[in-house]
Amino acid sequence: MSFTLATWNINSVRLREGLVARLMRDEAPDVICLQECKSPVEKIPLEAFQALGYGHFIARGQKGYNGVAILSKLPMMDAGGEDFVQLGHARHVAGRLENGVTIHNFYVPAGGDIPDRDQNEKFGQKLDYLTEMRDYFRWQRPDRAILVGDLNIAPREDDVWNHKSLLKIVSHTPIEVEHLAAAQEAGAWVDVTRKDIPEGQLYSWWSYRAADWDAADKGRRLDHVWATPDIANAAHSSRILRAARGWEQPSDHAPVFATFDL
């Protein structure tokens, strides 16, 4: 079975229902994982998505904040969701396809603006969240699994527009990169995007603050697609739909794609 997956921090699924529908019409991925839905599950606009062929749906919702959802053309069962650090946030949901592949959809905390847990509680929560992700995958070693989402960290030097300028900026600090690497190593996760596109600057997020985000191009690769080693070699055709950042009333993130032949 071959299927294409997209992951996208949509920054309000109700506000940007039309953009999700456009992605469905124009790109037609088999599975779409959304983060920062900012909606209770019962208020996610499913009818429009179902009319476009996405008849399978699992989610964890929250009014006004966070929220993760998986929309699928393929049959999928709810495989649970973890509340790491007991924050009471809707930040993880997992779905299992009929071929036994589990898809984990994550929205890791952003971590605030100050990269110091003593001065900024949110930064401490982010590091603790990543530590609990590490422990979860260490004790429940995944297989036939894909992990996607807004992980809110750009780990590599070429995942940001200027490595030296961002070393003290939340999302690219060494301690965040170390914590993400530990979570990745615990599950033996393969970075599928960088497996397919090993060299060069690569971004999935551009700030709303830039007057002309495209010209400034001060991006970061915060959105990721990982896979376990037993299926990572089945992944190909990774890409980032940069054009979506320029759609009307856009999210500040662009969708990231990968195809799996399983």
Side-chain angles (χ1 to χ4, degrees), residues 1-39 43-59 67-76 93 95 97 101 103 105-107 146-151 192-197 200-208 210 212-217 219-227 234-262:
M1 180 180 78
S2 178
F3 64 93
T4 297
L5 177 148
T7 178
W8 195 8
N9 177 319
I10 193 58
N11 192 13
S12 178
V13 68
R14 288 190 283 172
L15 179 63
R16 296 184 170 85
E17 174 187 346
L19 299 191
V20 178
R22 178 173 176 178
L23 187 79
M24 291 172 168
R25 289 191 302 266
D26 293 357
E27 304 292 334
D30 300 287
V31 179
I32 300 176
C33 296
L34 301 175
Q35 304 88 39
E36 207 171 356
C37 294
K38 296 183 177 178
S39 175
K43 292 190 176 180
I44 293 175
L46 286 182
E47 287 187 9
F49 304 148
Q50 290 169 342
L52 290 165
Y54 292 82
H56 303 275
F57 167 76
I58 57 173
V68 284
I70 305 178
L71 300 154
S72 178
K73 294 180 175 182
L74 308 172
M76 174 179 288
V93 69
L97 299 172
V101 171
I103 299 172
N105 182 15
F106 274 96
Y107 177 42
I146 301 167
L147 186 155
V148 306
D150 178 4
L151 305 186
V192 165
T193 309
R194 280 304 191 179
K195 178 182 76 69
D196 283 352
I197 311 170
Q201 304 297 123
L202 197 62
Y203 314 139
S204 65
W205 174 89
W206 294 262
S207 174
Y208 285 131
D212 187 337
W213 69 273
D214 194 28
D217 203 23
R220 307 176 202 174
R221 186 173 72 103
L222 304 181
D223 305 272
H224 299 266
V225 179
W226 295 352
H236 61 90
S237 303
S238 295
R239 61 191 175 95
I240 296 174
L241 187 62
R242 180 187 175 106
R245 179 61 180 83
W247 291 353
E248 188 174 355
Q249 278 197 302
S251 169
D252 47 358
H253 294 252
V256 182
F257 292 80
T259 297
F260 291 82
D261 296 334
L262 293 169

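- Exactly one residue among I70, I146, N105, V101 makes a side chain to side chain contact (heavy atoms under 4.5 Å, CB included) with V31. That residue is I70.
- With hydrogens and angles disregarded, a donor-acceptor distance shorter than 3.5 Å links the side chain of R16 to the backbone of Q249.
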Run F3 and L97 through side chain to side chain contact (heavy atoms under 4.5 Å, CB included) and show every step you take. CA-CA 11 Å; F3 64 93; L97 299 172; 3.9 Å; yes
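- Shortest non-hydrogen contact noted between I58 and G95 is CD1-CA, 3.3 Å.
- Defined by atom type and a distance below 3.5 Å, a donor-acceptor pair is missing between the side-chain atoms of H253 and N11.
- The pair R22-E248 does not count as a salt bridge, with every side-chain nitrogen at least 4.0 angstrom from each carboxylate oxygen.
- F57 and I44 make their closest contact through CZ-CD1, 3.8 Å (heavy atoms, listed as atom of the first residue, atom of the second, distance).
- To the nearest 0.5 angstrom, D196 atom CG is 12.0 Å from R239 atom CZ.
- By the 4.5 Å heavy-atom criterion applied to side chains, R242 and D214 are counted as neighbours.
- Remark: L15 CG to C37 SG distance equals 12.5 Å, nearest 0.5 Å.
- Side-chain contact check for L222 versus N9: every heavy-atom pair is 4.5 Å or farther apart.
- The line from CD of E36 to OH of Y107 is 3.5 Å long, rounded to the nearest 0.5 Å.
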Apply side chain to side chain contact (heavy atoms under 4.5 Å, CB included) to residues I240 and Y203 and explain how you reach the verdict. CA-CA 8 Å; I240 296 174; Y203 314 139; over 6 Å; no
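- How far CD1 of I10 is from OG of S39: 12.5 Å, rounded to the nearest 0.5 Å.
- Here the OH atom belonging to Y54 is positioned 8.5 Å from the OG atom belonging to S72, to the nearest 0.5 angstrom.
- Heavy-atom minimum distance, P250 versus A244: CB-O, 3.8 Å.
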Between V68 and Q35, does the side chain to side chain contact (heavy atoms under 4.5 Å, CB included) criterion hold? Intermediate values first, please. CA-CA 5 Å; V68 284; Q35 304 88 39; 4.2 Å; yes
List the steps, then state whether side chain to side chain contact (heavy atoms under 4.5 Å, CB included) holds for D150 with W205. CA-CA 10 Å; D150 178 4; W205 174 89; over 6 Å; no
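- Among all heavy-atom pairs drawn from S238 and T193, the shortest one is OG-CA, 3.8 Å.
- Side-chain contact between I103 and C33: present, with at least one pair of heavy atoms (C-beta onward) separated by less than 4.5 Å.
- Residues H236 and A234 come closest through the heavy atom pair CD2-O, 3.7 Å.
- K73 and P29 get closest at one heavy-atom pair: CE-O, 4.0 Å.
- Evaluated for a side chain to side chain donor-acceptor pair (under 3.5 Å) with W206, the options D217, D212, D252 yield exactly one hit, D217.
- Checking side-chain atoms of T4 against main-chain N and O of T259 turns up no donor-acceptor pair under 3.5 Å.
- Interatomic distance, OG of S2 versus CZ of F260, reported as 10.5 Å (0.5 Å rounding).
- In this structure, L74 and H56 have side chains that are not in contact, with every pair of non-hydrogen atoms separated by 4.5 Å or more.
- Looking only at side-chain heavy atoms (C-beta outward), D223 and W8 stay at 4.5 Å or farther from each other.
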